[in-house]
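Each chain gets a letter, A, B and so on, in the order its sequence line appears, and its residues count up from 1.
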Amino acid sequence: MTSYWLMKSEPHVYPWDQLKIDGRTHWDGVRNYQARNIMRDDMSIGDLVLFYHSNCKPPHIAGVARVCKGAYPDFTAQDTESKYFDPKASPENPRWVMVDIEPVYDLNPVSLPELRTNGALEGMPLLRKGQRLSVQPVSKEHFSIVCNMGGLENNLL
DNA sequence: GCCAACGTTGGC
DNA sequence: GCCAACGTTGGC
């Protein structure tokens, strides 16, 4: 059973184009329990992800990715050189996890204002005021609508 | 750069 | 376990 998600990245940190260059990447640096729990408990290989560019003008959905490896310890938490280092993480208790994702489809960028003006997306967590969760669930219906807005045919999903 | 909305920390 | 202080996110 495929589930659908949205993951945020700041384009100056790790843009969609870099994911395409890399072919796949480990989603390190998540330091929020709610987001961690989603990755750890709810994400499965094959799940599809809207790749969202935050902190840019305008914020937008850039593409569709797929989970290609389930949750495993985020090693950057135990790397003292990493900006994601967490002194409370240890081999016995890694504390944080990551998943691997790979790019699947390019989308024509779908901006946040566009998303907001599409009534069919009412209730989408991303559009809630004050939300800042970097890994969020997306309903299959909303996922499909966003893909269509980005120029992707329904039957590709 | 501002600031609202969170999440985390730590004293009590 | 409460909650004030503080730090972060991220749209605007």
Exercise. Think A/Gln131 has a side-chain N or O under 4.0 angstrom from the OP1 or OP2 of B/dC6?
Worked result: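 Checking A/Gln131 against B/dC6: no side-chain N or O falls below 4.0 Å of OP1 or OP2.
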With a 4.5 Å cut-off on side-chain heavy atoms, are [Y] and [X] touching?
| X | Y | result |
| --- | --- | --- |
| A/Glu102 | A/Asp100 | no |
| A/Tyr52 | A/Ile61 | yes |
| A/Ile101 | A/Met43 | no |

Exercise. Which sits closer to the 5' end of DNA chain B, A/Lys57 or A/Asn32, going by the nucleotide each is nearest to?
Worked result: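 Between the two, 5'-proximity favours A/Lys57.
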Exercise. Where each residue is assigned the nucleotide of DNA chain B containing its nearest heavy atom, which of A/Asn55 and A/Tyr33 is assigned the position nearer the 5′ end?
Worked result: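 Comparing both residues, the 5'-ward one is A/Asn55.
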Euclidean distance, atom [atom1] of residue [X] to atom [atom2] of [N] [Å, nearest integer]:
| X | N | atom1 | atom2 | answer |
| --- | --- | --- | --- | --- |
| A/Lys129 | C/dC12 | NZ | P | 9 Å |
| A/Asn37 | B/dG7 | CG | C1' | 14 Å |
| A/Lys8 | B/dA5 | NZ | P | 15 Å |
| A/Ile61 | C/dG10 | CD1 | P | 13 Å |
| A/Gln34 | B/dG7 | CD | P | 6 Å |
| A/Leu127 | C/dG10 | CG | P | 14 Å |
| A/Leu133 | B/dC6 | CG | P | 11 Å |
| A/Leu126 | B/dC6 | CG | P | 14 Å |

Problem set entry | Under 3.5 Å donor-acceptor, A/Asp74 side chain and A/Asp28 backbone |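 Not confirmed, A/Asp74 side chain does not pair with A/Asp28 backbone.
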Problem set entry | Contact list for residues 7-27 of chain A, test ring-ring contact (aromatic ring centres under 6.0 Å, His included), sequence neighbours left out |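 Qualifying pairs, neighbours excluded: A/Trp16-A/Phe51, A/His26-A/Phe75, A/Trp27-A/Phe51.
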Problem set entry | Proximity to the side chain of A/Arg132 - top-ranked nucleotide from B/dT8, C/dG11, C/dT9 |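 The nucleotide sitting nearest to the side chain is C/dT9.
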Exercise. From C/dG11, C/dG10, B/dG7, pick the nucleotide closest to the side chain of A/Glu10?
Worked result: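 Comparing C/dG11, C/dG10, B/dG7 against the side chain of A/Glu10, the answer is C/dG10.
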Exercise. At under 4.0 Å between heavy atoms, what does A/Arg128 touch on the DNA or RNA strands: base, sugar-phosphate, or nothing?
Worked result: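 Counting heavy atoms under 4.0 Å across all strands, no contact is made by A/Arg128.
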